[in-house]
There are 2 protein chains.
Amino acid sequence: MNPTIQDVARLANVSIATVSRVLNNQPGYSEKTKQKVLETIEELGYQPNAIARGLVNRKTSTIGVLFPSVSGLLSAEILHGIEAKAHQHGNSVIVCNTAENREKTIKYLQVLREKRVDGLIFVSEEVTEEYYELFRGMDIPVVLVSTQSYQYPLPYVKVDDRHAAYAATRHLIEEGHTKIGMIAGSPDDPIAGSPRIEGYRLAMREAGRSLEDSLVETCSSFQYNDGKSGFSSLMNRHPELTAIFAASDELAIGAISAAYKESIRIPDDVSIVGYDNLLLAEMSVPPLTTIAQPFGRMGERAVQMIIDLMNGEEAESTILPHELVIRDSVKRR
Amino acid sequence: MNPTIQDVARLANVSIATVSRVLNNQPGYSEKTKQKVLETIEELGYQPNAIARGLVNRKTSTIGVLFPSVSGLLSAEILHGIEAKAHQHGNSVIVCNTAENREKTIKYLQVLREKRVDGLIFVSEEVTEEYYELFRGMDIPVVLVSTQSYQYPLPYVKVDDRHAAYAATRHLIEEGHTKIGMIAGSPDDPIAGSPRIEGYRLAMREAGRSLEDSLVETCSSFQYNDGKSGFSSLMNRHPELTAIFAASDELAIGAISAAYKESIRIPDDVSIVGYDNLLLAEMSVPPLTTIAQPFGRMGERAVQMIIDLMNGEEAESTILPHELVIRDSVKRR
DNA sequence: TTGTAAGCGTTATCAT
DNA sequence: ATGATAACGCTTACAA
């Protein structure tokens, strides 16, 4: 069925070593035999067996990616970048959806180890000691995306959450708002939670604005429904607010939905800025002003780092720039 | 670094054959040696090398998935189902983003062939003769998702587009609308284009409604921007419309945006029903009434079919049921 | 320039 | 119940 290097060698009247040489274009054969080999490869439709290669080279040209959720809008965009860059460098990517579940994650890590992937990309999730030990056992490059580890020396690529949140809040302030609330993630989340809250507070303090704790509504996730309920309870507590910074686009869209239900007009009554710039930010009504994270490039950069690491080079952790994307959900006061 | 079966054998004072036996729990050893082997496996932290296994078993437990776009909301949901089911059966999935590009697709097919994947899932794209020949050359199970082939005998899983579009239109009719337009894909698209148009026309004809061609606005894609422009030109041509069936949620959301800009109220002035039921349908303002495609289950089913096929069983093409999800974008007349 | 042969880490077929 | 050993399809010294 699938012809092997043996078949090619036989038909071309050379040894498998020679075929292997032209395949990997190493020196050691005449132009004539090269042609002959190439012809019979063509004739047979021969394709090298990557599995056999992997066995001898101890290299699979495959990288594993662990996501907390594949169906999430956010993961999809990161995956896109990873996939593109990986294939561009001749690598394939195996996707794993951990669902933020310990057992699943461990299982996946085992599978990826058995499959001898050359590198690992770990997205949007905290690295526990258990995971870290597993990483070490695999002895391959690991890079973190949209997360980082304070305890373990793992390179990462992400944006500066604190700074980005500052920029979002700052925008609201510059547009003349003084009563600004925030719909945030959990303060216990050291990656996407507290830094964004700090960024908000920083901007507020700097502008001499009120810093009451009750101004920030903390949610247990960054999803739509939390935005919805978060908006209601926040506005209930602080009807005087004219602007809100939501720590994710989903949260922001949830807030917009809730506002719509309560006949609060966006942005006429209250302005909103989101965070992420997912595809859906642009589709929102009104289109959402938000902080863009360069998801695609984050994925690409992560792959580049993995590849550098595989080549024995250093790979510096990277902070990618965020960007304020102005659309129609903020009104000047 | 990574211990091999040799290391285990040596340390346990048995042959590699015996270790292999307990690993694959085949008969042929005493309970005592089994324990000893298991212990030393534990001790060494041995994990079998799937690459070596793949070489001898001619089976990689890996399936390749080809998408026209990974960042699309739709693909993400299908991928989720595929990933879950695949891992549940001990298979990994390699993702490939063809970007609907011939060269890329061919390149990916080659890579997947070299990597000796056990099966292929081909999503939302037309199967050309070239692709089909490549499939045949690989000699592995292939299943189509959200598409089908009239020329080649490839099993598929999808919904009945014609019927689903009929149901959407029918809903509008039952809600008392008589002037109903459609924002559609390309009539030349035999999968997601013409069948949905036909479903719409079927319902209209059945209800004795007008069937003018100008009532359906055809777009070159199913994306947001087309929905936006499509809505404007359709309403311009037919200001009397009170309802629109959009052939995708993105198209529908685009229409809603355009309506918002032109101060046309949804659903008070015109009702809209979408198609797909993406996550974003629920987040829309107003929440979108739409036809749900069971993307997750489609992915799962496809994997199940691949697995059945690998086991030499038959796999029937499957039409999964669609469902009308009623939210707030349709108003009774 | 070319070929032989020893691995790579398994499984599977024989013997014993 | 166990152990040699030949594959699996390739790469890479080492010979010639």
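Residue numbers begin at 1 in each chain, while the letters A, B, ... track the order of the sequences.
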Colleague: Is it the case that more than 12 heavy atoms not belonging to B:Gln26 sit under 6.0 Å from its CD atom?
Modeller: yes

Colleague: Using whole Å, what does the distance between atom P of nucleotide C:dT11 and atom CZ of B:Arg21 come to?
Modeller: 11 Å

Colleague: D:dG9 phosphate, OP1 or OP2: any side-chain N/O from B:Arg58 under 4.0 angstrom?
Modeller: yes

Colleague: Find the distance B:Asn57:CG to C:dT10:C1' and express it as a whole number of Å.
Modeller: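 The distance from CG of B:Asn57 to C1' of C:dT10 comes to 8 Å, rounded to the nearest Å.
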
Colleague: Go through C:dG9, D:dC10, D:dT2 for me and flag the one nearest to the A:Ile5 side chain.
Modeller: D:dC10

Colleague: Between D:dT2 atom P and B:Arg10 atom CZ, what is the distance in whole Å?
Modeller: 19 Å

Colleague: What is the distance, rounded to the nearest whole Å, between atom CG of B:Leu23 and atom P of C:dT10?
Modeller: 8 Å

Colleague: Look at all strands and tell whether B:Ile51 reaches a base, only sugar-phosphate, or nothing, counting heavy atoms closer than 4.0 Å.
Modeller: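 No contact at all - B:Ile51 keeps every heavy atom at 4.0 Å or more from the nucleic acid.
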
Colleague: Quick one: do B:Lys115 and A:Ser92 satisfy side chain to side chain donor-acceptor pair (under 3.5 Å)? Show the steps, please.
Modeller: CA-CA 9 Å; B:Lys115 295 224 161 132; A:Ser92 300; 2.6 Å; yes

Colleague: For A:Lys107, does the NZ atom sit with more than 12 other heavy atoms under 6.0 Å from it, leaving out its own atoms?
Modeller: no

Colleague: Give one of base, sugar-phosphate or nothing for A:Pro48, where a contact means two heavy atoms less than 4.0 Å apart.
Modeller: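 Sugar-phosphate: the residue A:Pro48, judged by heavy atoms under 4.0 Å, touches backbone atoms but no base.
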
Colleague: When the distance from OH of A:Tyr46 to C1' of D:dG9 is rounded to whole Å, what number comes out?
Modeller: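 My rounded result for the distance is 7 Å.
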
Colleague: C:dT11 phosphate, OP1 or OP2: any side-chain N/O from B:Asn24 under 4.0 angstrom?
Modeller: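 So the side chain of B:Asn24 is within the cut-off, an N or O lying under 4.0 Å from OP1 or OP2 of C:dT11.
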
Colleague: Among C:dG3, C:dG9, D:dG9, find the nucleotide with the atom closest to the side chain of A:Ala17.
Modeller: C:dG3

Colleague: Output the rounded distance in Å from CD (A:Gln35) to P (C:dT1).
Modeller: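 Distance, rounded to whole Å: 15 Å.
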
Colleague: Does a side-chain N or O of B:Ser15 approach OP1 or OP2 of D:dT2 to a distance below 4.0 Å, or not?
Modeller: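 It does not, given that no N or O in the side chain of B:Ser15 lies less than 4.0 Å from OP1 or OP2 of D:dT2.
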
Colleague: What is the distance from CG of A:Leu55 to P of D:dT12, rounded to the nearest Å?
Modeller: 13 Å

Colleague: Report the relative orientation of the aromatic rings in B:Tyr108 and A:His87; use parallel for angles under 30°, tilted for 30 to 60°, perpendicular for over 60°.
Modeller: perpendicular

Colleague: Tell me whether the side-chain N/O atoms of B:Ser20 come closer than 4.0 Å to OP1 or OP2 in C:dT11.
Modeller: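 Yes, because at least one side-chain N or O of B:Ser20 sits under 4.0 Å from OP1 or OP2 of C:dT11.
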
Colleague: Does a nitrogen or oxygen in the side chain of B:Thr33 sit under 4.0 Å from OP1 or OP2 of D:dT2?
Modeller: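 So the side-chain polar atoms of B:Thr33 do come within 4.0 Å of the phosphate oxygens OP1 or OP2 of D:dT2, strictly under.
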
Colleague: Does a nitrogen or oxygen in the side chain of B:Ser30 sit under 4.0 Å from OP1 or OP2 of D:dT2?
Modeller: yes

Colleague: Specify the residue among B:Arg116 and B:Val14 whose closest nucleotide of DNA chain D lies further upstream toward the 5′ end.
Modeller: B:Val14

Colleague: Looking at every strand, decide which applies to B:Asp7 at a 4.0 Å heavy-atom threshold: base, sugar-phosphate, or nothing.
Modeller: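 If one applies the 4.0 Å heavy-atom cut-off, B:Asp7 turns out to touch nothing in the nucleic acid.
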
Colleague: Rounded to the nearest angstrom, tell me the gap between atom NZ in A:Lys59 and atom P in D:dG9.
Modeller: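 Going from A:Lys59 (NZ) to D:dG9 (P), I get 22 Å.
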
Colleague: May I ask you to evaluate whether B:Gln26 reaches the phosphate of C:dA12, defined as a side-chain N or O under 4.0 Å from OP1 or OP2?
Modeller: yes

Colleague: Using 30° and 60° as the class limits, which term best fits the ring planes of B:Phe135 and B:Tyr131: parallel, tilted or perpendicular?
Modeller: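 Judged by the thresholds at 30° and 60°, the geometry between B:Phe135 and B:Tyr131 is tilted.
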
Colleague: Does C:dT11 have OP1 or OP2 under 4.0 Å away from a side-chain N or O of B:Arg53?
Modeller: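 Indeed, a polar side-chain atom of B:Arg53 lies that close.
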
Colleague: Are the charged groups of B:Lys158 and B:Asp161 less than 4.0 angstrom apart, N to O?
Modeller: yes

